Q: 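Mind having a look at this structure? Questions to follow.
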Amino acid sequence: MSNIQLSGEHPGAAEGSRPKKKLKLRSEVWEHFEKTADGERAICKYCSKILSGNSKGGTTHLKRHIDICDKRPRGHVNQPVTIDSGDEVRNRNIGLIQKETWLEDVVKKAILNEVPFASEAFQKVWYLCCPMDSMDLEKEIHAYYEREKEHLAIELNNLTSRICFSVGIIHNGFLSLNAQFINADFNLVSKLISLKKLSDDYSPSSIINVLESFISEWKLEEKIFTFTIEKEDDINCWDELIKGLTEKFSPKMLFGGHHIGVPCCRGQLDQSYYSFRNSPFYSGEGDSIERFLEVLTTVPSKIDTFNHIAKDMGLSPINESWFHHHHFVVRYPIGSITNFARLLKDLLIYREVFSQYYAHTETDQLFSSGICSYSFHWTILELMLDISGLVNCAKNEFVSLKHPASHLYLRKIFEIVDMIAIKKKNSVCICADGDCRVHDWEYLRDQFARFVKEAEDIFIVAGVLDPRFKLSFFEYCVKEIGNFIGLEKTIGDYREIINKFFSEYAKKEADLVSPSLEVVGTINTQAHEGNLLNNNTYLPPTTITERFSLYKKEGKSELDKYLSEEVIDTGDEDFDLLGWWKQNQSRFPILSTMARDLLAVPASAYSTVSSNLYDLYDYEDKVTDKVDFRLAEAVICSKDWILAREQRYILQQNLMAYFYTCTAVLLICLIFFICM
């Protein structure tokens, strides 16, 4: 009886009755816990945490605590626990060896669901299922973030290309910083690497301080290529911001940081489009396009007659709510471009219906007499629909993180301006002396053409690095619409910009190969094996005659060769631009290095961060006291990294499945051919 412990008399036992025996605890977890005398509590031997020890509650929660107890000696992780159960000895490992993997999975799920910022109802359910409290979870999230952050910092510092940053101002004073680069496999990579709270109302000094702190912490001063930033209406703030960034980072940058600031292409298109919507071209006095749209979207006084005409033309009848919805879009033009484009498309579908209806009923409502023709108004609506489609298409491509976009910017602007030029050429106005506010073509043209005139050199060179267009596209655009735009740049100016970039990269490349040698053109060293000494040291040519001989052998420079080759006719829009540069890297080593930097420049500074964090703000834009900004950064950045890793895994699986499918099809065809 020595191995049986008595726990005292049972409360319900009669006096003098034999006390019940307390059986020896059989579960292995009791090697790590002590049970209280009343049997209701279990005390951890390592951290003294008190948990439920009631036998009716089981021991699963105790095992979970052992898995995450920080004070449990680490030497016990891989040691089996020996339990004496009387007649037999069982060796069990309670899963502590899998603690790290299990714990990381829990932390990842918590990050993906943003548990610290979730609703109270969600958190309640989560912590019922999760064997750790909120403090432990937050500590593990911070630990996971720091580990992943260290790995990412090493990856960024080991890059052979430069990094293009995009700075986004998101809800209530958060600044998001994305790093975009093209890796050695010529894949475009975009990472959310920081999320900071600005100290004041988005002042340039506040933004500069945040960026300087981050760059210094990650030691990326020598990796900076550009910062893509939303260009505010206050041009002085933009200039102050760019000047401050240049002073901080230019000493270690290409061109002395002259190209450090890149405006957000998507933001510029938005500004131009809405400037057009608020211009005299659209909303001028008298018979403006805006008034024309207001009349068209007003419910007709004889709507049955309108629908009867529509039915005769094979169109569906429309009710009053259709007119009310579109009239709201006209009166309050702050919605998306998509909504406005849908309005224009619907109106153009019913164009002949409106013409017949107002021709017999309310013609005088459409416009005052003699200012501009009725058909011209419809021409302008067609132009607005075309521009809306082009702007929307460009914006969608600019925000894509799957493909580079910097090479598309000027091409999209040229397409919009060309559309305006074509409509102007084909339009007919009956106004006296052609003086009509409704079609102020110069104003409309300038809303977009100014971006061609003031284009950043980076976008010009990026456009040339698309082998489907090269310099030929700019030459054609200058010829076709250069006069309409009032473009002062010549094709020689564009070539000079490209030469400047190429020379800078060629010099950097030569400095890396042999810093002691002066760069002479773009000489292919493989052709000079005869000029190597016995100790494999390169002997440069010393006379102009020798250099002339080398020039004849080499022929054109790398840039000349690229530009002289015919543009590629792919015949589709799914051209793999980065794949082309990867395949031609050996032919154009310097240009491929340029491509990795220039094609990585983001065309949008809008943050793609989506988080439950924003639900913690009230209508006065004040942050509640419970928000931990360090925790917010850890959760949201880690979430971005986890999702990116999962997407890469899915892509790899799809590629493997495609490979196996193609292999199976080829084998089947081969077997069939042999059998024939």
Side-chain angles (χ1 to χ4, degrees), residues 164 225-226 228 231 235 238-239 242 246 250 253-265 268-269 272 394 404-421 442 445-508 519 521-522 556-568 577 588 590-595 597-599 601 603:
C164 305
F225 189 57
T226 60
T228 300
K231 195 168 185 177
I235 193 67
W238 166 264
D239 291 340
I242 299 305
T246 304
S250 61
M253 294 181 61
L254 281 175
F255 305 103
H258 180 69
H259 304 289
I260 190 171
V262 176
C264 172
C265 302
Q268 289 186 329
L269 281 182
S272 296
S406 57
H407 66 293
L408 299 173
Y409 176 59
L410 286 179
R411 195 197 324 161
K412 295 299 180 181
I413 298 296
F414 274 123
E415 288 177 357
I416 295 173
V417 176
D418 181 60
M419 181 66 66
I420 298 172
E442 286 71 22
R445 174 202 65 194
D446 291 343
Q447 298 311 305
F448 299 97
R450 59 194 173 101
F451 297 130
V452 177
K453 299 177 183 179
E454 305 167 3
E456 299 289 332
D457 291 350
I458 281 178
F459 294 128
I460 295 173
V461 182
V464 173
L465 290 176
D466 188 336
R468 296 170 296 175
F469 299 94
K470 299 186 179 179
L471 196 58
S472 303
F473 177 75
F474 291 91
E475 186 176 2
Y476 182 79
C477 290
V478 170
K479 176 183 175 182
E480 288 290 311
I481 57 177
N483 290 334
F484 177 73
I485 296 175
L487 188 62
E488 296 180 356
K489 278 191 176 75
T490 64
I491 195 64
D493 295 327
Y494 286 112
R495 178 59 191 260
E496 185 178 348
I497 292 171
I498 301 163
N499 287 338
K500 180 185 70 173
F501 271 77
F502 182 76
S503 298
E504 182 74 9
Y505 273 86
K507 183 177 182 300
K508 291 290 184 182
V519 181
T522 54
K556 299 178 181 179
S557 70
E558 182 180 319
L559 177 61
D560 291 333
K561 290 178 182 178
Y562 171 75
L563 295 177
S564 63
E565 293 180 359
E566 292 293 330
V567 295
I568 298 174
L577 178 58
F588 307 115
I590 297 175
L591 288 175
S592 62
T593 302
M594 290 173 57
D597 290 345
L598 291 159
L599 296 179
V601 175

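If you're wondering where the values come from, they're calculated on a predicted model, not measured in any experiment. Computed over heavy atoms, backbone and side chain alike; hydrogens, waters and symmetry mates excluded.
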Q: Restricting to non-hydrogen atoms, name the atom on Thr246 and the atom on Gly256 that form the minimum distance, rounded to 0.1 Å.
A: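 Looks like CG2-O, 4.2 Å.
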Q: For Leu465 and Leu591, work out which heavy atoms get closest and say how close.
A: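 Shortest heavy-atom contact: CD2-CD2, 4.3 Å.
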Q: Are any side-chain N or O atoms of Ser272 and backbone N or O atoms of Gln447, one a donor and one an acceptor, separated by less than 3.5 Å?
A: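 Side chain of Ser272 to backbone of Gln447: a pair is present.
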Q: Restricting to non-hydrogen atoms, name the atom on Ser406 and the atom on Leu599 that form the minimum distance, rounded to 0.1 Å.
A: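 Closest approach of Ser406 to Leu599, heavy atoms only: OG-CA, 3.4 Å.
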Q: Check each of Phe255, Tyr494, Phe459 against Phe501 using the ring-ring contact (aromatic ring centres under 6.0 Å, His included) test, and report the only one that passes.
A: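 When ring-ring contact (aromatic ring centres under 6.0 Å, His included) is applied between Phe501 and each of Phe255, Tyr494, Phe459, only Phe255 qualifies.
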Q: Please determine if Asp493 and Lys453 form a salt bridge, counting it only when a charged side-chain N lies under 4.0 Å from a carboxylate O.
A: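 Looking at Asp493 and Lys453, the cut-off is not met.
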Q: Please answer whether the main-chain N or O of Ile590 pairs with a side-chain N or O of Glu558 as donor and acceptor at a distance below 3.5 Å.
A: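 Yes; at least one donor-acceptor contact below 3.5 Å.
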Q: For a 4.5 angstrom cut-off between non-hydrogen side-chain atoms, does Val478 reach Lys489?
A: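 No, too far: nothing below the 4.5 Å cut-off.
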Q: Can you tell me how far CD1 of Ile497 sits from CD1 of Ile460, rounded to the nearest 0.5 angstrom?
A: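 If we round to the nearest 0.5 Å, Ile460:CD1 and Ile497:CD1 are 3.5 Å apart.
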Q: First locate atom CZ of Arg411, then atom CD of Glu415, and finally report the distance between them rounded to the nearest 0.5 Å.
A: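 Between atom CZ of Arg411 and atom CD of Glu415 there are 7.0 Å.
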Q: Please check: side-chain N/O of Glu456 versus main-chain N/O of Pro263, any donor-acceptor pairing under 3.5 Å?
A: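 Flag not set: sc Glu456 to bb Pro263 has no pair under 3.5 Å.
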Q: First locate atom CG of Leu598, then atom SG of Cys164, and finally report the distance between them rounded to the nearest 0.5 Å.
A: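 One gets 8.0 Å once the value is rounded to the nearest 0.5 Å.
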Q: Take Phe414 and Phe474 through the test side chain to side chain contact (heavy atoms under 4.5 Å, CB included) and record every step on the way to the result.
A: CA-CA 9 Å; Phe414 274 123; Phe474 291 91; 4.2 Å; yes
Q: How many angstroms lie between OG1 in Thr593 and OH in Tyr505, if you round to the nearest 0.5 Å?
A: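 Those atoms lie 8.0 Å apart.
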Q: Assert yes or no for the condition that the ring centre distance of Phe473 to His407 is strictly below 6.0 Å.
A: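 Not under 6.0 Å, so no.
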Q: What distance do Arg445 atom CZ and Ile481 atom CD1 have between them, rounded to the nearest 0.5 Å?
A: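 Taking CZ in Arg445 and CD1 in Ile481, the distance rounds to 11.0 Å.
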Q: Among Ile485, Asp418, Val452, find the residue that satisfies the side chain to side chain contact (heavy atoms under 4.5 Å, CB included) test when tested with Ile413.
A: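 Exactly one candidate clears the test, Val452.
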Q: Taking all heavy atoms of Cys264 and all of Thr228, pick out the closest pair and write down the distance.
A: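 So the minimum-distance heavy-atom pair works out to CA-CG2, 4.1 Å.
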Q: Distance from Tyr476 atom OH to Ile491 atom CD1, nearest 0.5 Å?
A: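 CD1 of Ile491 is found 13.5 Å from OH of Tyr476.
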Q: Tell me, yes or no, whether the heavy-atom count around Glu504 atom CD, taken from other residues, nucleotides or ligands under 6.0 Å, exceeds 12.
A: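 Yes, because the 6.0 Å sphere around CD of Glu504 holds more than 12 heavy atoms from other groups.
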Q: Relative to Tyr562, does Lys470 satisfy both conditions: NZ or CZ under 6.0 angstrom from the six-membered ring centre, and within 45 degrees of the ring's axis?
A: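 Yes, a cation-pi geometry.
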